[in-house]
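Before any comments, here is the structure.
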Amino acid sequence: MEKRITIPEIIEKKQKGERITVLTAYDYPTAATLSEAGIDILLVGDSLAMVVQGRDSTIPVTVDEMIYHSKWVVKANKHAVVVVDMPFLSYEFSTEEAIKNAGRILKESGADAVKLEGGEEIAPTIKALLKAGIPVMGHIGLLPQSVGLFGGYKVQGRDVKGAKRLIKDAKALEEAGVFAIVLESIPLEVAKHITESSRIPTIGIGAGPFCDGQVLVTHDMLGIYKGFRPKFVKLYADLHAEMLKAVKKYISEVKEGTYPSREYSYSLSHEVLKELQEELS
Ligand code: KIV
């Protein structure tokens, strides 16, 4: 069996100057491919609400849905650390409820860690989760679960007050004990400062080239999701175009009767065919 990366090894990568690779996965075949490719962290992001379920935001996704998707990712994974997003309002009411929901996610899916969106205000929750033995990844900057408050998917930390807030939040999360922090949609100078002043790895998404690692939504970078694509997403493939081409070809071949040909069919041996014809005549 292939050796799986551990959370301490993810932290060591920063010390060794090795960059950390992260992509989202929500199902067995995708997780198997990303794991085979050698990705360090598979993130079962609540972005699945948008790119898999076709919803308008990440708000409606439930703990049960996160567990359902995470199970298949864990089953397929041979190599990576698996991190699961805690959905909106699954950790805000009380530390008890946060532990209960995070505990369910890890116990029922077999994943390694959870990710929570928020800064200094969620430090007590993070400490409680760690005390219960649950590893946590942080997430600051643009918080998709708070788009209502932000007034849309906007770059964060663009003025001095906002940048200082992010720097303070990153410090609070590090002190609370997260093993890594996602920095989403923030200016590269702010991400560089946070990266250089923290001992734990920063994982950027729309945060420039100076983070310790990088995450993208797989459905965005492979061109599967045709919704809004932010500036920071590089299109590594256009699988939507490939799928459309293949499915159109299938439709026309089935209509024309060129598929399935004999090549794609089962047939009887001559002896059985002869005997059957005699029986039927
Ligand atoms: O839900 C998600 O996919 C995420 C990434 C954008 C970091 O949180």
Side-chain angles (χ1 to χ4, degrees), residues 7 22-27 31 41-75 77 80-150 152-153 156 169-170 172-185 203 205 215 217-219:
I7 289 172
V22 188
L23 280 172
T24 61
Y26 320 104
D27 60 50
I41 299 178
L42 287 170
L43 172 65
V44 186
D46 58 359
S47 50
L48 70 85
M50 297 171 85
V51 300
V52 174
Q53 301 174 334
R55 285 159 150 172
D56 292 335
S57 77
T58 61
I59 304 290
V61 80
T62 64
V63 171
D64 286 337
E65 287 169 336
M66 294 309 296
I67 293 171
Y68 173 83
H69 286 276
S70 305
K71 266 198 256 180
W72 314 126
V73 170
V74 168
K75 190 167 193 293
N77 175 45
V81 167
V82 179
V83 180
V84 182
D85 263 338
M86 290 198 69
F88 178 58
L89 295 191
S90 67
Y91 53 95
E92 287 88 342
F93 291 123
S94 66
T95 49
E96 288 77 14
E97 195 162 336
I99 294 171
K100 201 176 102 212
N101 284 324
R104 272 197 67 206
I105 290 173
L106 295 202
K107 283 172 84 160
E108 295 178 35
S109 73
D112 302 297
V114 291
K115 174 164 82 59
L116 272 63
E117 293 184 9
E120 202 172 12
E121 73 287 356
I122 61 160
T125 310
I126 291 169
K127 284 184 190 158
L129 290 173
L130 289 166
K131 207 165 160 213
I134 299 170
V136 182
M137 179 183 259
H139 183 157
I140 59 171
L142 171 59
L143 307 179
Q145 291 176 10
S146 306
V147 277
L149 283 180
F150 293 160
Y153 294 90
Q156 301 296 304
D169 280 339
L173 293 189
E174 180 177 358
E175 280 164 10
V178 298
F179 73 88
I181 310 179
V182 169
L183 304 179
E184 177 163 357
S185 295
I203 310 292
I205 172 162
V215 57
V217 171
T218 301
H219 286 54

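Nothing fancy with the numbering, it's 1 onward along the sequence. Because the structure is a prediction, the values reported are computed rather than measured.
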| query | Excluding sequence neighbours, so at least two apart, what forms side-chain hydrogen bond (donor to acceptor under 3.5 Å, both in side chains) with Asn101? | reply | none
| message | Using the side-chain contact (heavy atoms from CB on, under 4.5 Å) criterion, which residues pair with Phe150? Sequence neighbours excluded. | response | Leu142, Leu143, Ser146, Gln156
| By salt bridge (charged side-chain N to carboxylate O under 4.0 Å, His left out) - contacts of Asp112 (at least two apart) | Arg4
| task | Scan residues 48-72 for pairs that pass salt bridge (Lys or Arg N to Asp or Glu O under 4.0 Å), counting only residues two or more places apart or in two chains. | result | Arg55-Glu65, Asp64-Arg104
| remark: For Glu117, the side-chain hydrogen bond (donor to acceptor under 3.5 Å, both in side chains) test, sequence neighbours excluded, returns none
| note | Hits for side-chain contact (heavy atoms from CB on, under 4.5 Å) against Ala170, two or more places apart or cross-chain, chain-then-number order -> Ile140, Ile181, Ile194
| Phe179 vs Val83, side chain to side chain contact (heavy atoms under 4.5 Å, CB included): CA-CA, chis, key distance, verdict | CA-CA 11 Å; Phe179 73 88; Val83 180; 4.0 Å; yes
| request: For the residue pair Pro87 and Val63, establish whether any side-chain heavy-atom pair is separated by less than 4.5 Å. | output: yes
| field | With Ala128 via side-chain contact (heavy atoms from CB on, under 4.5 Å) - residues at least two apart | value | Thr95, Ile99
| remark: Only one of Ile134, Val178, Val114 passes side-chain contact (heavy atoms from CB on, under 4.5 Å) with Ile126, and that residue is Val178
| Under the side-chain contact (heavy atoms from CB on, under 4.5 Å) test, which residues partner Ala80, sequence neighbours left out? | Ile39, Leu42, Asn77
| request: Keeping to residues at least two apart or across chains, list the ring pair (Phe, Tyr, Trp, His ring centres under 6.0 Å) pairs with something in residues 41-64. | output: none
| request: Check whether any side-chain N or O of Glu175 sits under 3.5 Å from a backbone N or O of Ala172 as a donor-acceptor pair, and report yes or no. | output: no
| Any side-chain hydrogen bond (donor to acceptor under 3.5 Å, both in side chains) pairs touching residues 124-140, not counting sequence neighbours? | Lys115-His139, His139-Glu184
| Do the side chains of Met137 and Ile41 get nearer than 4.5 Å, heavy atoms only? | yes
| message | If you compare all heavy atoms of Pro144 against all heavy atoms of Ile59, which two are closest, and at what distance to 0.1 Å? | response | O-CD1, 4.5 Å
| request: Identify the heavy atoms of Ala49 and Ser57 that sit nearest to each other, and give their distance. | output: CB-O, 3.4 Å
| field | For Tyr26, all residues meeting side-chain hydrogen bond (donor to acceptor under 3.5 Å, both in side chains), sequence neighbours excluded | value | Thr24, Ser47
